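Proteins come first, then strands; the chains are lettered A, B, ... in the order of their sequence lines, and each starts at number 1. The structure presented is a predicted model; accordingly, all values stated were derived computationally and were not measured.
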Number of protein chains: 2
Amino acid sequence: MSKDSPQASWREIRRQNARADLLAAAWDLVREGGLGALSLRELARRAGTTTPTVYAYFASKNDIFDALFAEAAASFERTNARPVIGESPDERLIAHARRFAAFCTSDVPRYQLLFQHVIPGFTPSAEAFAPAIRGLDAARRRLADAEISQPRHVDLWTALLTGLVDQQISNDPDGDRWSRLIEEAVLMFVTHCRDPARSRPIHPG
Amino acid sequence: MSKDSPQASWREIRRQNARADLLAAAWDLVREGGLGALSLRELARRAGTTTPTVYAYFASKNDIFDALFAEAAASFERTNARPVIGESPDERLIAHARRFAAFCTSDVPRYQLLFQHVIPGFTPSAEAFAPAIRGLDAARRRLADAEISQPRHVDLWTALLTGLVDQQISNDPDGDRWSRLIEEAVLMFVTHCRDPARSRPIHPG
DNA sequence: GTCTATAGCTGGATAGAC
DNA sequence: GTCTATCCAGCTATAGAC
């Protein structure tokens, strides 16, 4: 097939580079002004081109968000796949939680795109979503390694971590007022999960 | 002063009513389409008037957001001030957490306006903010009643609750997948706060 | 205070030349 | 594929008549 000829693949590489340049400019834009600041005019201007060229690489603005989501999800999967340092399962869980929080707070628009659903009319495609699912599965496996596998405990885990991250981002964006509570929160969590009877329901059902 | 004459105060009441009508229409709008869906044209249309009339009651769009914020903060304060049913401090804390979660999930845009900072260029005025502060102080007092008063535990409390609320809103808006974990989460929390040595830091500082 | 009309701008998306 | 030029819709906000 002619697509495998050297010339064609060279062109393909060029094309991929132009696409990557546009996406890089898009990340710059949203990191400076939030997800709402992504406009095709400004994006084209920063990439040194014009809006019709943008449409040569992306079908629509939401298609750009989808590509950004895919990159964010891939980063999330890579981050979660890296082995974590710690001698005990609990230490590894703490390190894992710290890494997750750092991933989120270090790039707020990326976090909002991945985990909050704040862009009206945008839903990520299945392909873009897949790595995010795998990243969450990695988190589930790490919990299972610490002998925490009940579904409701997994949900409590995600609520605890995203709660800390959200408060950190919303109320102390340049500090560590909530980030520094991660170790205590994780230990509270694992202690509870291993001995749930200690905090017995008041209204048993 | 002529402002106290019957006619003037009647006019003042009319004026306040028109303002209230506009705010009610604004709430309808954001409840249907999110905070981003508030446009002055559509707001005026729904209130049966036109945009210049809106500007007779509000100086700007952000002034409308400020009025919405003030109403939301006042609701929050009233909700938190109501006594809570429960025989023990823990039961009252659980009821309080349930009420907070219900307050948030029952009106997502109100929650986003009050607790997340998602509107570019808008910061609530000090007057609008004051009742929100008092509402949070009420929460602090309830924690103190349960013998939880360390600042980092208060922060952990807000993170835990907003985490549950956020996950509920973002990932299961019509269900109770995270809301139903409130009691367990609160008991985990109070158990930890009363016996923090049980979940001892791995790296003591 | 309320209207008509519109200024002035920004947005996404496209037609058509090259 | 990349450009110029433009369409069309939406927005906040205001001028000026009544």
Glu183(B) side chain to Leu187(B) main-chain N or O, any donor-acceptor pair under 3.5 Å?
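Not a single qualifying donor-acceptor pair exists.
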Separation of atom [atom1] in [X] from atom [atom2] in [N], rounded to whole Å:
| X | N | atom1 | atom2 | value |
| --- | --- | --- | --- | --- |
| Tyr57(A) | dA13(C) | OH | C1' | 18 Å |
| Leu22(A) | dG1(D) | CG | P | 12 Å |
| Phe58(B) | dA13(D) | CZ | P | 13 Å |
| Asp63(B) | dT14(D) | CG | P | 12 Å |

Any side-chain N or O of Thr50(B) less than 4.0 Å from the OP1 or OP2 oxygen of dT4(C)?
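For dT4(C), OP1/OP2 do not have a side-chain N/O of Thr50(B) under 4.0 Å.
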Near DNA chain C, under 4.0 Å by heavy atom, which residues of residues 25-49 of chain A?
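Going residue by residue through residues 25-49 of chain A, the ones with a heavy atom under 4.0 Å of DNA chain C turn out to be Leu38(A), Ser39(A), Leu40(A), Arg41(A).
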May I ask you to decide if the ring planes of His192(A) and His153(A) are parallel, tilted or perpendicular, using 30° and 60° as cut-offs?
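Plane angle over 60°, so perpendicular.
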Which word best sums up how the rings of Phe65(B) and Phe122(B) line up, parallel for under 30°, tilted for 30 to 60°, or perpendicular for over 60°?
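Aromatic pair Phe65(B)/Phe122(B) classed tilted.
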Proximal nucleotide (of [options]) relative to the [X] side chain:
| X | options | result |
| --- | --- | --- |
| Thr51(A) | dT2(D), dA5(D), dA13(D) | dA5(D) |
| Tyr55(B) | dC3(D), dC3(C), dT12(D) | dT12(D) |
| Lys61(B) | dT12(D), dA15(D), dA15(C) | dT12(D) |

Can you spot which of Glu91(A), Glu87(A), Arg92(A) makes a side-chain contact (heavy atoms from CB on, under 4.5 Å) with Pro89(A)?
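Of all the options given, the one that passes is Arg92(A).
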Anything under 3.5 Å between a donor and an acceptor, one on a side chain of residues 47-54 of chain A, the other on a protein residue two or more places apart or in another chain? List them.
from     : atom 1 : to       : atom 2 : distance (Å)
Thr49(A) : OG1    : Thr53(A) : OG1    : 3.1

Of all pairs that satisfy ring pair (Phe, Tyr, Trp, His ring centres under 6.0 Å), the ones with a partner from residues 160-184 of chain B, not counting sequence neighbours:
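Checked against ring pair (Phe, Tyr, Trp, His ring centres under 6.0 Å) - neighbours excluded - no pair reaches residues 160-184 of chain B.
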